[in-house]
Amino acid sequence: MSDKLRKFFSEGTTDEITKKLLGKLLVYNSPQGLMSGYITEAEAYLGAKDSAAHAYQGKRTPSNEALYGYPGTVYIYSIHSRLCLDIATQAKDTPEGILIRGIEPYQGIKWMERNRSKHGYNLTNGPGKLMQALGIEDKKMNLLEFGETDLDIKLDDGKIPEKIESSGRIGVSDRGKWTEKPYRFYVAGNPYVSKMAKRDMNLETYGWK
DNA sequence: TACAAGATGCGCT
DNA sequence: GCGCATCTTGTAC
């Protein structure tokens, strides 16, 4: 529906889009109230050829169907009894996507603290954590598009990372060549990034320009 | 602060 | 049944 988002999520390669996504504002108009946060960490998954991806070798099941949708489709899946949030990239039927792994809370922090019974950077420095903070407990928004459900991404309203770092993707092991590929991107020094060591945090700027 | 291990539930075979 | 794009807690340094 949103041509702008569809264009953003289909222009360039998925790893390039992932880097551009850092600093953009993720908005959730929840039943509790408005919540939002700047994206600090995300991973690219490159579809059929990527041995670490859910759609490796064209695998297609009801649960990963969203990856095959239009660019900007919401992909919610469960793992280890948690939920994670993905965005489908590239043209329809090209099953690439981006996993959102961390956000820096901006609006609705009080609700997030209540939802997770935690505070500080433990609130949203991981994919399952940020879903719990937002209060998303089911897959009702799966297969919908960002901008036409209560989830949205604001492309015009964001921060610029001072420096983007990369690493291998978290939680994947023994997936051949693709296991170690540097498709995890994060804002250097931002505390709302999973496994960020305290001494590497920049608590002055949070890593933004 | 770094690492190890258990919890936990659902989708796929 | 099994495996998993995770999280939390406990222990040792």
Side-chain angles (χ1 to χ4, degrees), chain A residues 9 13-15 17-19 21-22 26 37 39-69 73-90 94-103 105 112-143 151 165-186 189 191-203:
Chain A
F9 287 116
T13 60
T14 295
D15 53 316
I17 300 168
T18 307
K19 280 185 270 192
L21 191 59
L22 296 179
L26 173 73
I39 296 171
T40 57
E41 178 185 3
E43 287 176 354
Y45 285 87
L46 270 51
K49 64 189 176 196
D50 181 352
S51 54
H54 287 168
Y56 181 46
Q57 294 178 329
K59 184 177 166 205
R60 186 169 189 165
T61 67
S63 57
N64 76 355
E65 179 64 27
L67 287 172
Y68 290 83
T73 299
V74 176
Y75 173 38
I76 296 176
Y77 68 92
S78 62
I79 189 73
H80 292 283
S81 73
R82 316 289 161 127
L83 293 173
C84 297
L85 179 63
D86 267 52
I87 306 169
T89 61
Q90 308 305 346
T94 301
E96 306 195 9
I98 298 170
L99 167 63
I100 299 178
R101 292 190 52 91
I103 61 173
M112 298 188 202
E113 289 176 339
R114 190 166 310 179
N115 289 340
R116 264 184 62 67
S117 328
K118 294 259 162 53
H119 59 88
Y121 47 77
N122 274 322
L123 220 43
T124 51
N125 61 343
K129 296 180 189 180
L130 72 89
M131 289 298 262
Q132 191 186 9
L134 294 174
I136 299 175
E137 294 174 319
D138 55 49
K139 299 186 186 170
K140 283 181 188 146
M141 292 184 289
N142 188 42
L143 289 167
L151 281 169
E165 302 215 65
S166 63
S167 79
R169 290 169 289 187
I170 307 264
V172 303
S173 59
D174 299 325
R175 308 282 189 85
K177 219 185 272 187
W178 290 77
T179 309
E180 305 294 333
K181 292 216 184 236
Y183 288 143
R184 167 178 178 249
F185 301 100
Y186 57 95
Y192 294 92
V193 168
S194 58
K195 301 193 172 176
M196 177 69 67
K198 256 187 183 160
R199 62 171 172 276
D200 294 330
M201 292 178 183
N202 184 338
L203 298 178

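Everything numeric here is computed off the predicted structure, so don't read it as measured data.
Between N125(A) atom CG and dC7(C) atom P the separation is 8 Å, expressed in whole Å. Remark: C1' of dC12(B) and CG of N64(A) are 11 Å apart, rounded to the nearest angstrom. M196(A) places its CE atom 13 Å from the P atom of dA2(B), with the value rounded to the nearest Å. Counting to the nearest Å, the C1' atom of dT6(C) and the CZ atom of R116(A) are 11 Å from each other. When the P atom of dC12(B) is taken as reference, atom CD of E65(A) falls 11 Å away, rounded to whole Å. Put simply, CE on M131(A) is 14 Å from P on dT6(C), counting in whole angstrom units. Computed from coordinates, the Q132(A) CD to dT8(C) P distance equals 7 Å when rounded to whole Å. Distance CZ (R169(A)) to P (dT6(C)): 12 Å, rounded to an integer number of Å.
Among the heavy atoms of the strands lying under 4.0 Å from K139(A) are primed sugar atoms or P, OP1, OP2 only; no base atom is included. Nucleic acid contact class of K195(A) (heavy atoms, under 4.0 Å, all strands): none. Within the 4.0 angstrom heavy-atom criterion, no nucleotide atom of any strand lies near R184(A). Across all strands shown, A52(A) has heavy atoms under 4.0 Å from base atoms, whether or not it also approaches the sugar-phosphate.
Along DNA chain B, the nucleotide nearest S81(A) and the nucleotide nearest K198(A) are compared for position; the residue whose nucleotide lies closer to the 5' end is K198(A).
Minimum atom distance to the side chain of I79(A) is reached by dC4(C), of the listed dA2(B), dC4(C), dG9(B). Minimum atom distance to the side chain of R199(A) is reached by dA2(B), of the listed dG9(B), dT8(C), dA2(B). The nucleotide whose nearest atom lies closest to any side-chain atom of P62(A) is, among dC12(B), dT6(C), dT8(C), dC12(B). Distances were taken from every side-chain heavy atom of S63(A) (C-beta onward) to each of dT8(C), dC12(B), dT6(C); the shortest belongs to dC12(B).
For D138(A), the CG atom is densely surrounded, since the number of other residues' heavy atoms within 6.0 Å is greater than 12.
Between L21(A) and the options L26(A), T89(A), I98(A), a side-chain contact (heavy atoms from CB on, under 4.5 Å) holds for only I98(A). Among T18(A), L99(A), I170(A), the one residue that satisfies the side-chain contact (heavy atoms from CB on, under 4.5 Å) test with R184(A) is I170(A).
Classification of the Y192(A)-Y121(A) ring pair by plane angle, with boundaries at 30° and 60°, yields perpendicular.
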Taking it one step at a time, do I17(A) and Q90(A) satisfy side-chain contact (heavy atoms from CB on, under 4.5 Å)? CA-CA 10 Å; I17(A) 300 168; Q90(A) 308 305 346; 3.8 Å; yes
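Atom OH in Y77(A) sits 11.5 Å away from atom CG in N64(A) (nearest 0.5 Å).
Ion pair D15(A)/K181(A) not flagged as a salt bridge, since none of the NZ, NE, NH1 or NH2 atoms sits closer than 4.0 Å to an Asp/Glu carboxylate oxygen.
Under the 6.0 Å distance and 45° angle rule, R101(A) does not count as a cation-pi partner of Y186(A).
Residue R82(A) places no side-chain N or O under 4.0 Å from the OP1 or OP2 atom of dT8(C). Here R60(A) does not reach the OP1 or OP2 of dC12(B): none of its side-chain N or O atoms lies under 4.0 Å away.
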Pair pattern of DNA chain C in dot-bracket, where unpaired bases get dots and | marks partners in another strand, Watson-Crick or G-U under 3.5 angstrom: ||||.|||||||.
